[in-house]
Amino acid sequence: MAEKRRRLRSSTVVLGGMGVLAAALTSCGSEPDRRCVDRDNHTLDGYKVVADKNCKSSAGLSRSDWYYDSDVSRGRADYGTFDRDDAVDRGGFGCSSGSGGG
């Protein structure tokens with residue numbers, strides 16, 4: 001019997017390649033999850049989450065700021081960071097991690 005070879009269609013190859021490219025692009029430099037919080041309103045449960053408009057304009061709360069990668073429960077955000085650079089995941093597929101020292 002003659003052995004049949006499976007032949008991939010060009011559209012299958014292109015779509016597969018696009019999937020790999022999309023995964024690489026989204027894993028590098030993606031925007032971290034963030035919440036606008038009132039820095040002056042902190043309890044054992046975390047910072048009080050406020051409307052995003054307070055972090056987007058200077059007319060909002062005097063001490064509102066973005067709080068990244070936090071756990072949110074009952075209107076409070078905790079276990080996050082105010083430093084966006086610390087929250088960005090730099091270790092995805094195709095990304096370089098670590099810093100170059102001199």
Can you name the closest pair of heavy atoms from [X] and [Y] and give their distance?
| X | Y | value |
| --- | --- | --- |
| Tyr47 | Asp38 | CD2-O, 3.6 Å |
| Asp33 | Ser70 | OD2-O, 4.4 Å |
| Ala77 | Val37 | CB-CG1, 4.0 Å |

Taking side chain as C-beta onward, heavy atoms only, is [X] less than 4.5 Å from [Y]?
| X | Y | answer |
| --- | --- | --- |
| Trp66 | Cys36 | yes |
| Asp78 | Tyr67 | yes |
| Arg84 | Glu31 | yes |

Review point. Is the cationic atom of Arg39 (NZ for Lys, CZ for Arg) positioned less than 6.0 Å from the six-membered ring centroid of Phe82 and within 45 degrees of its normal?
Key: yes

Review point. Can any side-chain N or O of Ser64 pair as donor or acceptor with the backbone N or O of Asn54 at less than 3.5 Å?
Key: yes

Check your understanding: Is a salt bridge present between Arg74 and Asp45, judged by a nitrogen-to-oxygen distance below 4.0 Å?
Key -> yes

Check your understanding: Between Arg63 and Asp40, is the closest basic N to carboxylate O distance under 4.0 Å?
Key -> yes

Review point. Are a donor atom and an acceptor atom from the side chains of Arg76 and Asn41 found within less than 3.5 Å of each other?
Key: yes

Exercise for review: Take Arg35 and Val72, measure what side chain to side chain contact (heavy atoms under 4.5 Å, CB included) needs, and give me the verdict at the end.
Suggested key: CA-CA 9 Å; Arg35 301 285 189 274; Val72 179; 3.5 Å; yes

